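Written below as structure tokens is the structure these notes are about.
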Number of protein chains: 2
Amino acid sequence: MGKQLRYLEIAQIIKERIKNGTFARGESLPSQKELSEIFETSIMTARQALAILEGEGIITVVHGVGTFVAAPALHSDTISLQGFQNEMDRQKLKIHTTIVEKKYGAVKAELNRVFRNEQSEFSCLVRLRTLEGLPVILQRSWVSFENQSVIEEYTADKSLYQLFTERTNIMITLGREIVSPIILGDEELGLLNITEPCPAFHSRRISISLDDKVVLYDEAFLPGPYVMMASSKHGRNNKFKYIIKKDGAMDPLESFNDPQLWEDLK
Amino acid sequence: MGKQLRYLEIAQIIKERIKNGTFARGESLPSQKELSEIFETSIMTARQALAILEGEGIITVVHGVGTFVAAPALHSDTISLQGFQNEMDRQKLKIHTTIVEKKYGAVKAELNRVFRNEQSEFSCLVRLRTLEGLPVILQRSWVSFENQSVIEEYTADKSLYQLFTERTNIMITLGREIVSPIILGDEELGLLNITEPCPAFHSRRISISLDDKVVLYDEAFLPGPYVMMASSKHGRNNKFKYIIKKDGAMDPLESFNDPQLWEDLK
DNA sequence: CAGTGGTCTAGACCACACC
DNA sequence: GTGTGGTCTAGACCACTGT
């Protein structure tokens, strides 16, 4: 077995204590000085452990205030594991959400593979995002049957992601997304009120909890006329986001020169 | 003016010395101990400065060996600012590159906006990437007229990106990419040997040098049947890559469970 | 003001690469 | 073995936040 580095060891112990609830969501951890005393180490080493957990999105460190077990409210403007709503907020667009449908206990066998369990019943939320009245994004979200109450409670004025983490007390720390280019099918065209053949991003995303369980499955259709993806790569740094605009006026060559656009991808 | 932190100050000075050639590409920097003596600081602080430059992809630190001004050969397997060729290598796919056309001094006024200069003549390289004989990606790359020799020298067995940095001695440290979903046009369909209407990713990318100049413009068409995008988000960590497969057998739901796929997105 | 995180020191010692 | 980067110490001092 490999030699255990002190700061990795400490990070692991803190992670365990968050998992088993010793440090609850939203509560503050002992101060760095206290941690260094608890683990009989130096401040620098304790800080190194915290830096790892912060990089993984598990804790949030605030200068002059304290270190907190990541709660959505605390990390909402820094973490990227967010629903589209937050991204649109950041772009200062007046996006409105309409609930198209809520389905409870639907049988959807193929989702077994996604959720990695024996269940075959899931609950689903279908939403339409509109930009100044124009439908621009169609999104379907699935949760396990046991979490259907989250969908029952959902209203359009809140992020499903945030509601989910609050109600279930499950911390989501990892997201995986697969995007394909597609030509929209009839059902999606109808809901999005588009009449011509239309290229779109088809995004499928899973959200994974601290316990390594898949707890949320999202599917989104982002039609080409309204959506682009912008990505910035600077050394190890590598970010991307979706950009939503009302149509036309989306010249990619011009977008390269828009400082605002790249600002938050640094 | 804001207080200058010591490690930021040191990082800035080292960056300047790389720009003006005091530290040349591929050569090693003084050791951390020496740096701490040169800047009259501690090793920890010198290391903090190096950590910043490493994060920006400007230097490469190798345990037991030394610290190097990032040369493509050194950082090729860690940095993400790479052409498609390297990404495909990583996926262990036998991708072959065919040169479709080389154009010199073409007038392309719209590229002024991209390259942010007065020039209107550019040189262009059109390439087709084939997977076991099947054309799967079409790519057009543009350079300023003054760098046309890079395209003259280009052969299919080398990365254009690597050739460019070697020949021009320009360090590329930042990349920006904009991706749209499109339905392929006739010209692209012809070159890719596709006969039916086909959705695709349309990627446009600029590469920016250490001097903040745009030095490379890339355009790629990645047809839906062969290409998906996979993205992983873990705290601040956020990576994506294109996945190329020979068609069919690209079930996104199955892909979520492929550990290999997500391995290098950690 | 007190309490928090952020920077910095001046080393010691460990792990790794190369000869 | 020599030289490199990586970890770690046991603090001091600075910067930020909230009372």
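What you see is a predicted model; the values in this text were computed from it and never measured. Numbers restart at 1 for each chain; the letters A, B, ... are given by sequence-line order, proteins then strands.
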Within 45° of the axis and under 6.0 Å from the centre of the six-membered ring of Phe115(B), does NZ or CZ of Lys213(B) qualify?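 Negative - Lys213(B) is either too far from the ring of Phe115(B) or too far off its axis.
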Validate the cation-pi geometry between Arg127(A) and Tyr154(A): distance from NZ or CZ to the six-membered ring centre under 6.0 Å, angle to the ring axis within 45°.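 Yes, a cation-pi geometry holds between Arg127(A) and Tyr154(A).
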Between [atom2] on [N] and [atom1] on [X], what's the gap in Å once rounded to a whole number?
X	N	atom1	atom2	value
Glu37(B)	dT9(C)	CD	P	13 Å
Ile59(B)	dG5(D)	CD1	P	10 Å
Lys33(B)	dC13(C)	NZ	P	15 Å
Leu35(A)	dT9(D)	CG	P	13 Å
Phe68(B)	dG5(D)	CZ	P	8 Å
Ile43(A)	dC13(D)	CD1	C1'	11 Å
Leu5(B)	dC13(D)	CG	P	18 Å
Glu34(B)	dG3(D)	CD	C1'	10 Å

Short N-O contact, Glu40(A) and Arg6(A), less than 4.0 angstrom: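 Looking at Glu40(A) and Arg6(A), the cut-off is not met.
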Arg167(A) and Glu152(A) ion-paired at < 4.0 Å: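 Salt bridge between Arg167(A) and Glu152(A), a charged N being under 4.0 Å from a carboxylate O: no.
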Short side-chain N/O contact to [N] OP1/OP2 from [X], under 4.0 Å:
X	N	result
Arg47(A)	dG5(C)	no
Ser42(A)	dG11(D)	no
Thr67(B)	dT4(D)	no
Gln32(A)	dT4(C)	no

Using the side-chain heavy atoms of His63(B), tell me which of these nucleotides is nearest: dC8(D), dT9(C), dC16(C).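 The nucleotide sitting nearest to the side chain is dC16(C).
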Which part of the nucleic acid does Thr41(B) contact within heavy-atom distance under 4.0 Å: base, sugar-phosphate only, or nothing?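 Sugar-phosphate contact only.
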For Arg204(A), all residues meeting side chain to side chain donor-acceptor pair (under 3.5 Å), sequence neighbours excluded: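 Checked Arg204(A) against side chain to side chain donor-acceptor pair (under 3.5 Å); matches are His202(A).
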How are the rings of Trp262(B) and Phe256(B) set relative to one another: parallel (under 30°), tilted (30 to 60°) or perpendicular (over 60°)?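 If you compare the ring of Trp262(B) with that of Phe256(B), the planes turn out parallel.
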What are the two closest non-hydrogen atoms of Asn237(A) and Lys239(A), and how far apart are they?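 The pair with the smallest heavy-atom distance is OD1-CE, 3.8 Å.
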Within residues 6-16 of chain A, find the residues that approach DNA chain D with a heavy atom at under 4.0 Å, and present them sorted by residue number.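 Those residues are Arg6(A), Tyr7(A).
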Contact nearer the 5' end of DNA chain C, comparing Met44(A) with Val61(A):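 It is Val61(A) whose nearest nucleotide is closer to the 5' end.
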Toward the 5' end of DNA chain D, by each residue's nearest nucleotide, Val65(A) or Ala46(A):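 Nearest nucleotide further toward 5': that of Ala46(A).
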